Amino acid sequence: MRAGESLVAMSEDRLREIFAEGRPEWSAEIARHGVSGEAVIQLLDTQGFFDMLKLPYPATRDAVIARLVTERVIIPTPPAYDVTNLGAMLFAKRLGDFDGLDRKAPRVIVYDGKGKLQTKREQVGAKGLAVGFDGLVQFVESQTPANEVIEQALRRDARMYPLIMLRETIANAIIHQDFFLTGVSVIIEIYSDRIEISNPGQPSVKVERFIDEYRSGNERLAD
């Protein structure tokens, strides 16, 4: 708390910031306690984990577990392991296996037209954010409007929004959200004339530094 500040005059965001001082990063907290080595393999997409690291899948379960410990996906608590929020949120086969994390899964809502009066479809992510990311982006792209383009003698559908733009914007929304807020998640709303992507919490950097600032509120998750 800074000198001269009054608790009465503080905003809700400033109060949350004060109470969070000294609190460990959300990703380091525990999503599930006392999990056996076998259950770790059942709960987490370990194949996806090694694929993302561009490493061959180990020949033994012990080697798999050792690497998960190194990356702080799980924490040894002999004779079992604790699964961190980082591990569960990124690599869960089913977010619903971890209390509260399914409420943090990204939601995609597709509207019929330019307003919210009629919803065409809605989809909520089920997998961890990392292992489910490509599927999420592909689904969003498939729901965006397309224009027919003629190239030489061929016709093809060209999506209104470049795939790289969708990937970067969705990734930023996921990484920079406030995971300490409960009951809210990244929401991707697709209209006939625009896409709106929102995430929970306040920006961790000033708005005018969005382009050239690399600091994140969730450094470990971003890495």
Side-chain angles (χ1 to χ4, degrees), residues 26-27 45 47-55 86 89-95 101-179 181 184-223:
W26 180 87
S27 63
D45 185 349
Q47 181 67 63
F49 169 82
F50 281 94
D51 287 346
M52 289 179 182
L53 292 179
K54 294 180 172 58
L55 294 173
L86 174 74
M89 198 71 234
L90 292 183
F91 302 109
K93 291 179 179 177
R94 289 184 62 259
L95 286 171
L101 293 194
D102 55 335
R103 299 289 300 276
K104 298 183 182 298
R107 292 174 57 206
V108 181
I109 307 173
V110 185
Y111 296 103
D112 188 5
K114 299 180 181 180
K116 299 178 184 288
L117 290 179
Q118 188 170 350
T119 301
K120 292 171 62 176
R121 62 182 53 86
E122 179 175 349
Q123 181 164 305
V124 180
K127 296 181 179 180
L129 296 177
V131 294
F133 182 71
D134 282 343
L136 170 64
V137 174
Q138 290 170 12
F139 177 75
V140 171
E141 184 192 32
S142 73
Q143 301 304 308
T144 59
N147 297 315
E148 189 175 65
V149 176
I150 300 176
E151 293 181 343
Q152 297 180 357
L154 301 176
R155 296 174 182 264
R156 69 176 181 86
D157 287 338
R159 294 291 170 182
M160 185 179 295
Y161 307 101
L163 181 60
I164 186 63
M165 181 276 289
L166 293 176
R167 289 183 64 88
E168 291 301 309
T169 308
I170 294 171
N172 283 336
I174 289 173
I175 290 169
H176 297 295
Q177 65 183 297
D178 185 346
F179 282 98
L181 297 179
V184 287
S185 64
V186 170
I187 299 179
I188 304 164
E189 298 175 294
I190 304 173
Y191 302 86
S192 61
D193 63 341
R194 69 192 186 280
I195 295 180
E196 296 182 4
I197 302 175
S198 57
N199 63 0
Q202 296 296 316
S204 57
V205 299
K206 294 181 179 180
V207 174
E208 58 269 22
R209 298 301 303 276
F210 277 2
I211 300 297
D212 60 353
E213 177 63 69
Y214 295 97
R215 180 167 57 87
S216 168
N218 300 291
E219 295 291 349
R220 185 62 182 166
L221 183 137
D223 180 60

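Here the structure is a predicted model, which means the values were calculated and not measured.
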Residues I187, E196; criterion side chain to side chain contact (heavy atoms under 4.5 Å, CB included); working and verdict: CA-CA 8 Å; I187 299 179; E196 296 182 4; over 6 Å; no
Which residues share a side chain to side chain donor-acceptor pair (under 3.5 Å) with E141, sequence neighbours left out: none
Test side chain to side chain donor-acceptor pair (under 3.5 Å) applied to R103 - qualifying residues, sequence neighbours left out: none
Test salt bridge (Lys or Arg N to Asp or Glu O under 4.0 Å) applied to D112 - qualifying residues, sequence neighbours left out: none
Set of residues satisfying salt bridge (Lys or Arg N to Asp or Glu O under 4.0 Å) with respect to R121, sequence neighbours excluded: none
G201 versus L181, closest heavy-atom pair with distance: N-CD1, 3.5 Å
4.5 Å side-chain heavy-atom contact, V131 and M52: yes
pair P200-F179: side-chain heavy atoms closer than 4.5 Å: no
With rounding to the nearest 0.5 Å, note down the distance linking [atom1] in [X] to [atom2] in [Y].
X: Q143; Y: I188; atom1: CD; atom2: CD1; result: 11.5 Å
X: L101; Y: S185; atom1: CG; atom2: OG; result: 12.0 Å
X: I109; Y: E122; atom1: CD1; atom2: CD; result: 4.5 Å
X: S192; Y: M160; atom1: OG; atom2: CE; result: 8.0 Å
X: L95; Y: M89; atom1: CG; atom2: CE; result: 4.5 Å
X: L136; Y: K127; atom1: CG; atom2: NZ; result: 11.5 Å

Pairs flagged by ring-ring contact (aromatic ring centres under 6.0 Å, His included) wherever residues 117-137 is involved - sequence neighbours left out: none
Polar side-chain atom of K114 near backbone of D193 as donor-acceptor pair, under 3.5 Å: no
D51 and Q47 side chains, donor-acceptor separation under 3.5 Å: yes
side-chain contact (heavy atoms from CB on, under 4.5 Å) partners of N199, counting only residues at least two apart: A173, H176, Q177, V186
Ring geometry between Y191 and Y111 (parallel below 30°, tilted from 30 to 60°, perpendicular above 60°): parallel
Criterion side chain to side chain contact (heavy atoms under 4.5 Å, CB included) on R167 and D134, from CA distance to verdict: CA-CA 8 Å; R167 289 183 64 88; D134 282 343; 3.0 Å; yes
